[in-house]
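Notes follow once the structure below has been shown.
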Number of protein chains: 2
Amino acid sequence: MVKKTLKQRIVDASVELFQQDGYHNVTVDRIVEYIGASKGGFYHNFKSKDELLYEIHDVFISYVIQQSQDAYDKYDTPITRLCAMLQTLTQVFDMYQAHITIFYEESRSLSDEYSDIIHKKRDHYRDILQKVIAEGQESKVFRTELPCTIVTMAIVGMINWTYKWFKQSGQLTMEQITDVFTDMVLRAIVTEQAMEEAKQFIIKG
Amino acid sequence: MVKKTLKQRIVDASVELFQQDGYHNVTVDRIVEYIGASKGGFYHNFKSKDELLYEIHDVFISYVIQQSQDAYDKYDTPITRLCAMLQTLTQVFDMYQAHITIFYEESRSLSDEYSDIIHKKRDHYRDILQKVIAEGQESKVFRTELPCTIVTMAIVGMINWTYKWFKQSGQLTMEQITDVFTDMVLRAIVTEQAMEEAKQFIIKG
DNA sequence: AGTAAAATACCGACTAGTCGGTTTGTAAAA
DNA sequence: TTTTACAAACCGACTAGTCGGTATTTTACT
């Protein structure tokens with residue numbers, strides 16, 4: 001593994017550059033110059049700049065979906081599933097902050113063929129989380145007076161937004177932030193009678 | 001008021017087009033063609049395409065700051081202030097969804113001179129909210145075991161993310177969504193002993 | 001009020017530069 | 001010998017911004 005393929009080097013460099021300056025502000029020339037390669041090499045590995053953007057999107061969202069599904073499968077109660085998913089997601093966001101920045105800010109630049117695929121996967125990711133919330137409501141573990149779609153999007157928003165402000169060099173680690181998020185979400189949506197199970201995830205005052 | 005200035009028409013059209021297709025995918029030619037004007041007219045009103053982008057940013061963020069500050073000044077307890085701010089913010093986001101899309105997705109395209117101004121104002125907006133949280137913690141109305149910076153960003157994320165998914169034509173109005181958000185935030189951060197005051201904002205089960 | 005002058009608002013053809021993508025060439029591997 | 005992997009020069013479409021000019025409004029003076 002000492003030798004990285006040119007393709008991988010292109011992807012890695014692009015992720016970094018796109019995050020910094022945005023897809024449209026980074027030229028193919030700049031990417032290849034950045035890694036000391038040539039345009040010929042670039043277009044040998046990618047049909048188009050657009051295909052590169054798609055690959056970056058797909059690597060990220062496919063990983064998120066798989067991790068979310070794993071977290072779901074690993075546990076069997078709504079509360080533990082939700083906590084595991086929050087844990088997993090923030091962890092992914094910690095690792096893939098550059099990818100997610102591109103994912104959420106450059107998806108409009110994808111051409112139609114790729115755009116459809118990515119949007120379907122993005123919806124799939126949300127559906128996994130929403131399923132957990134809905135199942136929790138069915139078993140009266142989560143408050144039914146809150147619409148599950150809104151709860152889902154509130155959680156998604158809270159987590160996703162971290163890509164805008166989280167700094168790995170900051171005061172708090174992503175683990176600490178996750179604990180706070182988990183606490184807030186559980187207190188917000190768990191019913192009184194189910195709060196006992198959630199207690200272990202709540203920060204003591 | 002029957003006659004709109006060309007400048008205003010340019011801004012309005014650009015907001016719409018930028019939201020749909022992104023700043024870089026909308027040419028100056030397309031903007032002026034869209035409103036039946038000319039490039040000369042455009043560059044008579046704006047130094048550059050970049051200045052136009054800045055104006056759109058500034059209109060939005062200045063309004064948000066002013067509304068947030070008003071909400072703060074109008075009330076005098078952390079809970080009422082927080083609720084008023086949530087109310088105000090979601091309302092603004094309902095009206096300015098196009099602006100906020102541009103604000104959060106195209107700010108990287110701002111040149112340095114404008115970028116500094118906008119980032120300062122964005123921080124100012126966050127600080128107003130964070131101040132409310134911090135004051136609530138000082139008076140033991142909000143749980144002190146949660147770091148106020150994280151709580152602030154969790155709330156900001158929850159609200160801001162609405163611009164990605166909220167549809168005015170959707171099932172729920174922004175007012176209904178606000179009620180859910182308010183409920184979740186209050187349950188998440190208000191202390192047991194202060195929950196009595198918050199009760200009025202909580203959705204009954 | 002009437003009018004000339006000046007400033008403002010706007011037009012549209014043109015340009016210089018940029019950037020995604022192509023083509024041709026070549027060295028090593030299979 | 002053919003294929004793979006890359007290099008480097010090149011092309012053509014596109015686009016931000018310019019510039020000389022015209023229409024319209026405002027100002028200034030009689």
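The shown structure was predicted, so the numbers you read here are calculated from the model rather than taken from an experiment.
For the pair B/Q97 (side chain) and B/F166 (backbone), a donor-acceptor distance under 3.5 Å is present.
Proximity of A/N45 to the phosphate of D/dA5: no side-chain N or O atom is located under 4.0 Å from OP1 or OP2. Considering only side-chain N and O atoms, B/H44 lies under 4.0 angstrom from the phosphate OP1 or OP2 of C/dA9.
The only option from B/Y114, B/Y96, B/F103 that meets the ring pair (Phe, Tyr, Trp, His ring centres under 6.0 Å) definition with B/H57 turns out to be B/F103.
Residues from residues 30-38 of chain B placing a heavy atom under 4.0 Å of any atom in DNA chain C, listed by number, are B/A37, B/S38.
Atom CG in B/L6 sits about 13 Å away from atom C1' in C/dT8, given to the nearest Å.
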Please assess A/H24 against B/Y23 for the test side-chain contact (heavy atoms from CB on, under 4.5 Å), listing each intermediate value before the final yes or no.
CA-CA 10 Å; A/H24 287 281; B/Y23 178 70; over 6 Å; no

Start with the C-alpha distance between A/K39 and A/E33, add both sets of side-chain angles, then the distance that settles salt bridge (Lys or Arg N to Asp or Glu O under 4.0 Å), and finish with yes or no.
CA-CA 9 Å; A/K39 274 183 112 164; A/E33 195 223 314; over 6 Å; no

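Checked against the 6.0 Å centroid criterion, the rings of B/W161 and B/F93 do not qualify as a close aromatic pair.
Within 6.0 Å of CD in A/Q171 there are 12 or fewer heavy atoms belonging to other residues, nucleotides or ligands.
Contacts of B/Q8 classified as side-chain contact (heavy atoms from CB on, under 4.5 Å), with partners at least two apart in sequence or in another chain: B/K4, B/T5, B/V11, B/D12.
Looking at B/Y125 and B/Q66, their side chains never bring a donor and an acceptor atom within 3.5 Å of each other.
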Please list, for nucleotides 15-23 of chain C, all pairs of protein and nucleotide N/O atoms separated by less than 3.5 Å.
residue, atom, partner, partner atom, Å
C/dG20, OP1, A/K49, NZ, 2.9
C/dG20, OP2, A/V28, N, 2.8
C/dG20, N7, A/K39, NZ, 2.8
C/dG21, OP2, A/Y43, OH, 3.1
C/dG21, OP2, A/K49, N, 2.9
C/dG21, N7, A/K39, NZ, 2.9
C/dG21, O6, A/K39, NZ, 2.5

